[in-house]
Amino acid sequence: MPEGPSIVILREETAQFSGHKILRVEGNSKVDLNRLLGQTVRSLRSWGKHFLIELEDASVRIHLLLFGSYRIDERKEATPRLSLGFDNGELNFYGCSVELIEEPLEQRYDWRTDIMSEQWDAGRALEKLQGMPGTLACDAILDQQIFAGAGNIFKNEVLFRIKVHPMTKLGALPAAKLQELVTETHQYAFDFLKWKKAFVLKQHWQAHRQGTCPRCQIPLVKAKLGLTNRQSYFCEGCQKRYIASDD
DNA sequence: TGGTTTGTTGCAGC
DNA sequence: AGCTGCAACAAACC
C-alpha cells in the first residue's frame with residue numbers, strides 16, 4: 001500500500017467523498033474523533049505517503065505505514081482505526097496512524113518536495129543533495145524531506161536504473177549522475193503509478209526482491225545497508241561504487 | 001509454514 | 001548529548 005503512488009490511487013478512489021459531510025465517525029484511533037462529525041470534506045489530498053482529509057477547522061492525516069489498509073463502501077473483519085460515513089458511502093482505514101492537523105495544510109506541507117505533485121521541484125531536490133556530500137545514495141532516496149513519497153522499492157529500482165551502488169556517497173557522484181538520481185526517482189514514481197494501476201508493478205521489478213541481475217545475469221546482492229536498516233538489492237557487476245577523492 | 005516486508009516513531013541503553 | 005538498535009504496530013505475500 002504505502003508508497004507515494006499508492007496514496008495517489010487512494011486519493012483518486014476516494015474522490016466521491018469530496019464536498020460531502022461526515023455523518024458518522026467510528027474507530028479505535030486515539031484522536032478525538034467526535035470533532036470530525038458534521039464537518040464537510042473540503043478536499044482530499046496527498047503529500048508523499050500522507051493521505052490528507054481537509055475539513056473545515058482541521059485536517060486528518062492518515063499514514064498507512066507498512067501494513068495499513070483501507071476499504072471504500074465495504075468493511076474488513078478488524079475494527080477500523082477510523083471509519084467515516086457519508087451520504088454517498090463510507091471510508092474505512094485499518095492499522096494506520098491517524099493524526100489531526102490543526103494548522104492550514106499549506107503551512108504544514110511543502111508540495112515542492114512531493115514527487116507526485118505538480119509542484120515537484122527537481123532543482124530544489126538537486127540542491128539539497130548537493131548540500132549533503134557524505135550521505136549514502138541508498139539513504140538519500142529514502143529521505144522524505146527530499147523525495148516525499150519514495151520508499152524502499154524506489155531505492156532499489158532507481159539505483160539499479162542509474163547503475164549506482166547503494167553505498168556510493170553523494171559527494172562522489174558525477175554531477176550528471178546526481179541529476180539522474182533526481183530525474184529517475186521522479187520518473188519511477190509515475191512508472192510505479194501506471195504499473196500499479198494495471199496490476200503489473202511486481203512484474204517490472206528489476207532489482208527489488210529479485211535474485212538475478214537482468215543485465216549481467218549474475219546473482220544480485222541482498223544486504224541491509226545505510227542508516228535505515230532496510231533491505232537493498234543491487235548488482236555488483238553493473239552498479240558502480242563511486243569513490244570520493246577524500247575517501 | 002512462517003519469515004519477510006511498499007514505514008515511522010519513540011525509547012532504552014550506551 | 002547524541003547515537004544506535006529494537007519494539008511496536010498488524011497483515012498480505014511467497
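Below, chain A is the first sequence line, B the second, and so on; all start at residue 1.
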For this session: With P as the reference atom in both, quote the distance from C/dC6 to B/dT5 in angstrom, rounded to an integer.
Result: 15 Å
Seminar exercise, completed: salt bridge (Lys or Arg N to Asp or Glu O under 4.0 Å) filter on A/E74, not counting sequence neighbours, yields A/R71
Exercise. With A/H165, which residues qualify under ring-ring contact (aromatic ring centres under 6.0 Å, His included), at least two apart?
Worked result: A/F234
Problem set entry | Whole-angstrom distance between C/dA7 and B/dG3, as gauged at atom P | 15 Å
For this session: Look at the aromatic rings of A/F154 and A/Y188 and report parallel, tilted or perpendicular, splitting at 30° and 60°.
Result: perpendicular
Exercise. Which residues pass the side-chain hydrogen bond (donor to acceptor under 3.5 Å, both in side chains) test with A/K76, sequence neighbours left out?
Worked result: A/S69
Exercise. Once you round it to whole Å, what is the distance between C1' of B/dT5 and NZ of A/K222?
Worked result: 10 Å
Exercise. Going by atom types alone, do A/K222 and A/S232 pair a side-chain donor with an acceptor below 3.5 Å?
Worked result: no
Problem set entry | Set of residues satisfying side-chain contact (heavy atoms from CB on, under 4.5 Å) with respect to A/Q203, sequence neighbours excluded | A/V200
Problem set entry | Ring center gap for A/F147 and A/H186 short of 6.0 angstrom | no
For this session: Among A/V158, A/T185, A/I162, find the residue that satisfies the side-chain contact (heavy atoms from CB on, under 4.5 Å) test when tested with A/E180.
Result: A/I162
Problem set entry | Any A/Q231 side-chain N or O less than 4.0 Å from OP1/OP2 of B/dT4 | no
For this session: Give the rounded distance in Å between these two atoms: CZ of A/F51 and P of B/dT8.
Result: 17 Å
Exercise. Where along residues 141-157 of chain A does a heavy atom fall under 4.0 Å from DNA chain B?
Worked result: A/Q144, A/G151, A/N152, A/I153
For this session: Please state how far atom CD1 in A/I62 lies from atom C1' in B/dT8, giving the value in whole angstrom units.
Result: 15 Å
Exercise. Hey, are A/R45 and A/E106 close enough for a salt bridge, meaning a charged N less than 4.0 Å from a carboxylate O?
Worked result: yes
Exercise. Could you state the CD1-C1' distance from A/I7 to B/dT6, rounded to the nearest angstrom?
Worked result: 10 Å
Exercise. With a non-hydrogen cut-off below 4.0 angstrom, is A/F93 in contact with a base, only sugar-phosphate, or nothing?
Worked result: nothing
For this session: Just need the stems in DNA chain C: three or more back-to-back Watson-Crick or G-U pairs, each with both distances under 3.5 angstrom, sorted by first number.
Result: B:2-5 with C:11-14, B:7-14 with C:2-9
For this session: Output yes when at least one side-chain N/O atom of A/R230 is less than 4.0 Å from OP1 or OP2 of B/dT6, else no.
Result: yes
Problem set entry | Nucleotide-resolved protein contact map, nucleotides 7-14 of chain C, B/S/- at heavy-atom distance under 4.0 Å | ---BBSS-
For this session: Using a strict 4.0 Å threshold on nitrogen-to-oxygen distance, state whether A/K194 and A/D191 make a salt bridge.
Result: yes
Seminar exercise, completed: Sequence neighbours excluded, the answer for side-chain contact (heavy atoms from CB on, under 4.5 Å) partners of A/K21 is A/L23, A/T40
Residues 126-136 of chain A, side-chain donor-acceptor partners within the protein, below 3.5 Å, at least two apart:
residue: A/K128; atom: NZ; partner: A/Q145; partner atom: O; Å: 2.6

Seminar exercise, completed: Between NE2 of A/H50 and P of B/dT8 the distance, given in whole Å, is 7 Å
Exercise. When you check the gap from the basic side-chain N to the acidic O, do A/E236 and A/R241 get nearer than 4.0 Å?
Worked result: no
Exercise. Of A/K224 and A/T228, whose closest DNA chain B nucleotide lies nearer the 5' terminus?
Worked result: A/K224
For this session: Name all residues meeting the side-chain hydrogen bond (donor to acceptor under 3.5 Å, both in side chains) criterion together with A/S46; count only those two or more places apart in sequence or in a different chain, and write none if there are none.
Result: A/R11
Exercise. In whole angstroms, how far is the P atom of B/dT5 from the CH2 atom of A/W205?
Worked result: 11 Å
Exercise. Given B/dT6, is OP1 or OP2 found less than 4.0 Å from the side-chain N or O atoms of A/H208?
Worked result: yes
For this session: Could you pull out all residues at least two apart from A/R42 that satisfy salt bridge (Lys or Arg N to Asp or Glu O under 4.0 Å)?
Result: none
For this session: Report yes if a side-chain nitrogen or oxygen of A/Y188 is closer than 4.0 Å to either non-bridging phosphate oxygen (OP1 or OP2) of B/dT6; otherwise report no.
Result: no
Exercise. With respect to the phosphate group of B/dT6, does any side-chain polar atom (N or O) of A/K49 fall under 4.0 Å of OP1 or OP2?
Worked result: no
Exercise. Among residues 105-115 of chain A, which contact DNA chain B at a heavy-atom distance under 4.0 Å?
Worked result: none
